[in-house]
Amino acid sequence: MKFLYADGLDFVDPNYNFLEDRSQPGREPYWDDEFMHEHLEEPPFDGYLVSRSIVLGHYIENNSFPAKYTMGQSQRLLRKGVRKFLRIDNPKYDDLMIMGDCGAYSYHKLEKPPYSPKTLLEFYSDGGFTHGCSVDHIIFQFDRNLSGMEAFRDTKDPDAGIKIKDRWDITQENAEVFLRESKQMTTPFIPLGVIQGWSPGSMAKAAHNLVAMGYDYLALGGMAVSAVDTIQVALEEIRKQIPDYIKLHLLGFGKVDQIDDIMDYNVTSIDTTSPMLRAFKDVQRSFFMPGDDSGLKYYASVRIPQATENAGLKLLVKKGVFSQEYLIQQEKGALTALRNYDQGKVDMGTVLGAVMAYTKSVQTNPKTGAPPTKSKMSGIKNLYTELLNDRPWSACDCAVCRKASIEVAIFRASNRNKRRGMHNTWVFNNRLKQFNQKGGINGSADEIFSDQSKAK
Ligand SMILES: [Zn+2]
């Protein structure tokens with residue numbers, strides 16, 4: 001199974017000064033920064049997925065989705081191609097897949113997608129993508145108990161079934177036009193037909209139709225937040241309706257902990273940003289390490305927010321609960337103790353003392369000024385003790401941990417959090433490769449890349 005990283009300009013400043021918490025003067029983001037494959041010194045994935053929505057956005061009255069790329073960046077991608085833009089225009093990266101999709105979530109509230117199949121075809125062709133997904137329209141609802149094409153029912157919305165079927169029809173019609181017109185493109189890429197559905201049967205029917213149209217690579221959409229057993233039910237039914245040789249991509253697979261649960265469904269590829277997002281959003285499980293056979297092991301990261309920037313702390317200073325000088329002193333004390341601990345200069349008791357003193361301020365309720373409960377503090381202390389005891393950043397030989405050491409385990413602003421996300425992605429990729437070696441079905445690179453050469 002291949003793993004594509006859904007990139008959203010996730011680069012870091014390689015010269016970031018952690019001690020002074022700043023970049024060098026004159027740094028130009030993108031030009032001076034490093035993408036994940038650059039900072040880690042090798043790609044921790046089999047390719048990138050780039051969504052049109054984040055490159056160009058859409059601008060419609062009452063429903064705009066601003067692009068994440070600046071105008072200059074999107075122009076560069078379209079003019080020079082996605083490989084040049086991502087700086088993988090080097091023969092050593094020739095094996096990396098570059099898949100494009102619409103980013104259908106960005107327009108899920110609209111009645112119809114804001115792009116035509118032709119717009120997407122031009123985007124993929126101009127960008128030099130190796131693979132491109134048809135224009136789909138997300139269906140979030142899913143009822144596993146419906147049979148065949150039985151309509152979705154919602155007691156609160158009598159028209160729900162019709163509206164959902166409309167999205168299914170739009171996705172199918174677009175796929176048909178997309179495939180037909182893809183054959184006229186001067187820069188060919190492998191087209192993927194996107195499956196949307198509200199039930200196992202409607203997804204299977206969509207897949208069956210896409211194969212009949214001529215697709216041999218399908219992408220299952222709308223399941224980014226679904227539980228793994230729901231994805232399994234859908235995959236099971238889809239696989240019954242299509243031949244084994246048809247490749248299947250899972251768009252936006254978030255349950256990275258349960259990747260082995262979908263290994264038996266002949267899934268060719270997935271894309272995810274989950275290991276990166278966890279670094280930012282899940283403080284308790286924000287640092288991945290290889291676990292035993294059953295999964296990854298997770299550590300917390302040590303939350304040391306910037307005393308002068310953190311909204312909660314600023315409010316507490318304004319209310320007179322703490323003075324700013326006191327917080328800055330605690331913050332500095334905690335950071336210094338962590339670095340000294342990493343270098344073996346202080347013991348566990350000293351570092352925990354400094355870190356927990358600042359944690360008590362950080363965890364103070366900004367509205368009421370109430371200190372955190374004893375049980376909350378002891379829960380956090382246990383998590384930090386485990387992290388500091390095991391020193392996973394020392395045990396990991398990824399380039400992030402080698403270069404940033406304990407800074408990667410500190411939850412604080414983008415340069416540390418993104419580095420931890422890169423480390424997590426590296427750990428996840430290694431785990432996936434282990435599964436593939438153990439007999440995952442689509443572990444072979446040759447299968448996918450033979451397709452690319454066919455397209456050329
Ligand atoms: Zn690492």
Side-chain angles (χ1 to χ4, degrees), residues 1 3-6 10 12 18 36-37 39-46 228 253-263 270-304 335 337-339 341-344 348 351-352 355 359 379-438 440 443:
M1 190 191 294
F3 157 45
L4 308 185
Y5 180 71
D10 294 319
V12 292
F18 288 110
M36 198 179 307
H37 66 276
H39 197 65
L40 280 165
E41 297 164 6
E42 59 182 298
F45 39 62
D46 303 294
V228 165
F253 180 72
K255 307 285 184 292
V256 289
D257 334 59
Q258 290 161 285
I259 188 83
D260 45 320
D261 291 343
I262 57 159
M263 282 304 215
I270 58 156
D271 68 86
T272 186
T273 44
S274 189
M276 173 62 78
L277 292 180
R278 291 275 186 91
F280 281 83
K281 294 191 172 166
D282 189 344
V283 184
Q284 282 199 22
R285 305 196 304 164
S286 78
F287 194 110
F288 288 21
M289 281 299 277
D292 52 24
D293 276 356
S294 63
L296 297 160
K297 172 154 180 61
Y298 303 101
Y299 290 95
S301 45
V302 184
R303 208 168 152 236
I304 311 285
L335 286 170
L338 284 165
R339 289 168 188 143
Y341 175 78
D342 189 29
Q343 292 162 21
M348 178 70 99
V351 66
L352 270 181
V355 166
T359 300
I380 296 174
K381 192 175 176 182
N382 288 342
L383 291 170
Y384 289 174
T385 305
E386 192 192 15
L387 171 84
L388 293 167
N389 219 5
D390 290 1
R391 309 165 66 99
W393 63 90
S394 300
C396 177
D397 55 0
C398 87
V400 168
C401 293
R402 275 192 277 116
K403 290 185 254 197
S405 202
I406 198 169
E407 303 292 343
V408 73
I410 300 173
F411 190 98
R412 177 184 171 89
S414 160
N415 258 291
R416 289 178 186 80
N417 296 347
K418 267 194 183 162
R419 274 174 172 79
R420 191 167 54 259
M422 290 181 175
H423 152 93
N424 287 349
T425 307
W426 189 85
V427 171
F428 169 68
N429 184 52
N430 285 346
R431 174 170 148 74
L432 181 59
K433 295 295 168 278
Q434 272 173 356
F435 268 107
N436 283 336
Q437 273 168 10
K438 271 201 294 192

If you round to the nearest 0.5 Å, how far is [atom2] of [Y] from [atom1] of [X]?
| X | Y | atom1 | atom2 | answer |
| --- | --- | --- | --- | --- |
| R391 | S405 | CZ | OG | 7.5 Å |
| N436 | D46 | CG | CG | 8.0 Å |
| N430 | L296 | CG | CG | 10.5 Å |
| T385 | D390 | OG1 | CG | 10.5 Å |
| I406 | Q343 | CD1 | CD | 9.5 Å |
| S414 | R419 | OG | CZ | 9.0 Å |

Closer than 3.5 angstrom, by distance alone: can the side chain of [X] be matched with the main-chain N or O of [Y] as a donor-acceptor pair?
| X | Y | answer |
| --- | --- | --- |
| N417 | F280 | no |
| R416 | F18 | yes |
| R431 | V427 | no |
| K381 | L352 | no |

Problem - Modelled atom types, side-chain donor and acceptor of D10 and Y5, under 3.5 Å - result: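 The answer is yes; a qualifying pair exists.
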pair [X]-[Y]: side-chain heavy atoms closer than 4.5 Å:
| X | Y | value |
| --- | --- | --- |
| V283 | L383 | no |
| Q284 | Y298 | no |
| N424 | R285 | no |
| L40 | C398 | yes |
| R303 | T359 | no |

Problem - From T273, T425, D257, residue fulfilling side-chain hydrogen bond (donor to acceptor under 3.5 Å, both in side chains) relative to R278 - result: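 The residue from T273, T425, D257 that satisfies side-chain hydrogen bond (donor to acceptor under 3.5 Å, both in side chains) with R278 turns out to be D257.
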Problem - Candidates R339, R420, R412 - the one meeting side-chain hydrogen bond (donor to acceptor under 3.5 Å, both in side chains) with E407 - result: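 Single pass found, and it is R339.
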Heavy-atom closest pair, residues [X] and [Y]:
| X | Y | answer |
| --- | --- | --- |
| S274 | G254 | OG-O, 3.0 Å |
| Y341 | V351 | CD1-CG1, 3.7 Å |
| M1 | I259 | SD-CD1, 3.8 Å |
| A6 | D271 | CB-OD1, 4.1 Å |
| M348 | N389 | CE-N, 3.5 Å |
| M422 | M276 | N-CE, 3.9 Å |

Practice task
Identify, with sequence neighbours excluded, every residue that meets side chain to side chain contact (heavy atoms under 4.5 Å, CB included) alongside K255.
Solution key: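 Counting only residues at least two positions away or on another chain, K255 forms a side chain to side chain contact (heavy atoms under 4.5 Å, CB included) with V228, F253, Q258.
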Exercise for the section: Could you check L388 against L338 for side-chain contact (heavy atoms from CB on, under 4.5 Å), going step by step and ending with a plain yes or no? Expected result: CA-CA 9 Å; L388 293 167; L338 284 165; 3.8 Å; yes
Exercise for the section: Would you please name every residue forming a salt bridge (Lys or Arg N to Asp or Glu O under 4.0 Å) with K281, sequence neighbours left out? Expected result: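 Salt bridge (Lys or Arg N to Asp or Glu O under 4.0 Å) check on K281 returns nothing, list empty.
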Exercise for the section: Could you list all the ring pair (Phe, Tyr, Trp, His ring centres under 6.0 Å) pairs where at least one residue sits in residues 410-429, not counting sequence neighbours? Expected result: F3-F428, F287-H423
